[in-house]
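These notes are about the structure you will find just below.
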Amino acid sequence: MSDLTRSPAWTALDAHRKAMDGVHMRDLFAADPKRFDSFSLRLGDLLLDYSKNRVTAETLGLLFDLARQQGVETWRDRMFAGEPINGTEHRAVLHTALRADLAGSIEVDGQNVLPEVAASLKHMREFSDAVRDGSWTGHTGKPITDIINIGIGGSDLGPVMVSEALVPYHHPRIRMHFVSNVDGTHIAETLKRIDPETSLFLIASKTFTTQETLTNANTARRWFLHSGAPEAAIAKHFAALSTNATEVSKFGIDTANMFGFWDWVGGRYSVWSAIGLPVMIAIGADAFERFLAGGRAMDAHFRSAPLEQNLPAVLGVLGVWYGNFWDAQTHAVLPYDQYLHRLPAYLQQADMESNGKSVDRQGHRVDYQTGPVIFGEPGTNGQHSFYQLIHQGTKVIPCDFIAPVESHNPVDDHHPILLSNVLAQTEALMVGKTPDQVRAELTKSGLSGAALEALLPFKVFEGNRPSNTILVREIDPYTLGLLVALYEHKIFVQGTIWNVYSFDQWGVELGKQLAKAIQPALLGEKAPGAHDSSTLGLLAAIRDWS
Ligand SMILES: O=P(O)(O)OC[C@H]1O[C@H](O)[C@H](O)[C@@H](O)[C@@H]1O
């Protein structure tokens with residue numbers, strides 16, 4: 001057994017879990033009319049209702065004991081202080097510095113990093129202002145109309161999610177495009193829609209060695225030059241967002257057009273850095289600053305609120321409760337806002353790449369579950385697709401319902417309908433429908449006897465299915481900053497409880513290595529070499545068909 005699973009806090013939770021068997025949330029609500037007041041928190045224009053969970057005050061007490069036992073507060077303080085808590089890469093984890101009060105000081109290796117953050121933001125502001133006001137032109141003197149961000153993983157998902165979430169704030173002249181997939185279709189379809197004279201490519205890659213991004217960037221450059229633009233025009237149409245100046249110049253982008261960041265910014269936490277430049281161009285530097293301010297407000301809350309009133313801590317321990325004590329394998333992210341349609345994809349990387357680990361910080365195989373499978377779709381689309389399983393399937397699927405109270409598009413009665421669905425879903429999941437209720441309903445509809453009894457079991461909803469509801473006044477840059485930082489810190493809390501390193505991602509390397517080994521065989525440059533029979537069989541089929 002690991003230290004964690006034999007620890008006092010864990011064993012206490014194990015025992016408590018057994019005591020909670022058979023406890024229905026319906027009864028918890030009936031017994032306590034103030035349950036919402038006890039189990040909801042507000043931070044400015046963000047409200048978290050976590051009352052529809054299988055928890056009592058005792059459960060939460062035990063979960064916070066576990067969080068304290070695992071040193072959540074100490075690790076949190078170490079993170080904010082710039083200590084190298086990313087142990088396998090010996091790096092600080094300081095995305096919080098990117099949105100910090102720049103008058104302060106945060107040191108990495110004895111050096112205050114905030115002046116560099118300020119300089120980078122200034123560079124981004126000057127550039128984005130120029131693109132937006134039209135003073136930055138393409139090589140033929142026309143203002144930029146299309147921004148094409150070429151990046152993948154953290155260099156794509158953050159920018160595309162935030163950009164899409166903030167479409168109402170976009171500059172009217174500027175269209176945004178995000179190319180990530182190495183599948184030629186992605187770049188080809190994008191290039192069809194743009195004009196080289198008015199396009200600006202942002203090559204976004206922390207390492208500037210990522211195969212997909214460089215392949216797409218090379219294609220974009222060839223396309224651009226093929227349009228008749230001279231080599232010297234590249235400086236007007238290509239910029240790099242990266243930590244790697246050497247590789248940027250090797251690629252042929254002038255480092256004057258490079259927006260830098262640092263190795264203490266993890267890819268999946270990098271939208272607050274120069275990787276956010278496409279967002280800044282789209283929404284403007286002031287709005288981007290409001291996004292940073294939202295993140296900063298959540299940081300201040302996370303650092304100072306006692307765990308019991310701490311939004312990321314509450315979300316974090318609830319996930320641990322279901323994943324480790326109720327066998328939940330997944331977690332659904334359900335934004336009831338069309339602009340947030342990429343949030344589930346964004347959180348898939350943020351969460352699964354961070355906590356999808358099976359070795360603890362001491363290098364031992366864990367004997368407990370770690371990060372959940374994250375999935376989701378915007379509401380109400382998900383309701384007409386996979387919610388059946390959430391309501392009546394055999395699995396416990398904790399859900400986060402996220403909704404703005406005000407819509408950017410208050411057309412007709414759409415928004416009240418949308419919001420009624422949020423409330424109805426969480427209520428239905430919690431309360432369910434008993435056999436007696438179903439019987440009464442069926443009787444009323446004229447059914448009786450054997451026919452009624454035969455249909456009855458299919459129409460019962462067990463209920464007792466957990467959900468959180470996160471309401472914001474409206475999705476604006478500030479509340480989005482709050483929301484993203486909330487999830488970042490939730491992930492941090494969970495990784496700390498599980499004693500894993502949340503800020504590396506070694507698990508993505510093997511596939512990259514093997515792809516490099518297989519590629520020459522597909523290009524016909526080499527015999528396939530030694531592989532298993534499946535790989536060889538597939539290679540042969542591909543050769544046959546090509
Ligand atoms: O920004 P880059 O260096 O191009 O990396 C892009 C992405 O690829 C890597 O393989 C990692 O899995 C991601 O964490 C990263 O965000």
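Every number for a ligand or one of its atoms is a count from 1 in the order of the listing.
- Side-chain contact between R125 and E289: present, with at least one pair of heavy atoms (C-beta onward) separated by less than 4.5 Å.
- Side-chain atoms of N355 and T370 include no donor-acceptor pair closer than 3.5 Å.
- If you number the atoms of ligand 1 from 1 as listed, the ones under 4.0 Å from a heavy atom of S155 come out as 1 (O), 2 (P).
- Note on ligand 1: E509 sits outside its first shell, no heavy atom being nearer than 4.0 Å.
- With hydrogens and angles left out, the side-chain atoms of S199 and D146 include no donor and acceptor closer than 3.5 Å.
- For R342, the CZ atom sits in a loose shell: 12 or fewer heavy atoms of surrounding residues, nucleotides or ligands are nearer than 6.0 Å.
- Using a 4.0 Å cut-off to heavy atoms of G153, the atoms of ligand 1 that qualify are 16 (O).
- Of the protein's heavy atoms, T210 OG1, 3.5 Å lies nearest to atom 5 (O) of ligand 1.
- The N/O atoms of Q505, backbone and side chain alike, include none that comes under 3.5 Å of an N/O atom in ligand 1.
- At the shortest separation from atom 9 (C) of ligand 1 among protein heavy atoms lies K512 NZ, 3.7 Å.
- Residues P372 and D351 have side chains in contact (heavy-atom distance under 4.5 Å, counting atoms from C-beta outward).
- Put simply, no part of E212 is less than 4.0 Å from ligand 1, judged by heavy atoms.
- Counting heavy atoms from C-beta on, the side chains of V493 and K490 never come closer than 4.5 Å.
- At least one N or O atom of G154 sits closer than 3.5 Å to an N or O atom of ligand 1.
- Checked against a 6.0 Å centroid threshold, the rings of F201 and H237 do not count as neighbours.
- For ligand 1 and V508, the ligand atoms under 4.0 Å from any heavy atom of the residue are 10 (O), 12 (O).
- Looking at T207 against ligand 1, both its backbone and its side chain come within 4.0 Å, counting heavy atoms.
- The closest protein non-hydrogen atom to atom 14 (O) of ligand 1 is E353 OE1, 2.6 Å.
- Counting heavy atoms of neighbouring residues, nucleotides and ligands inside a 6.0 Å radius, atom CG of D133 exceeds 12 of them.
- Ranking the protein heavy atoms by distance from atom 7 (C) of ligand 1 puts I152 O, 3.7 Å first.
- Counting only heavy atoms from C-beta outward, the side chains of T215 and I187 never approach each other to under 4.5 Å.
- Set against the non-hydrogen atoms of Q349, the atoms of ligand 1 under 4.0 Å away are 13 (C), 14 (O), 16 (O).
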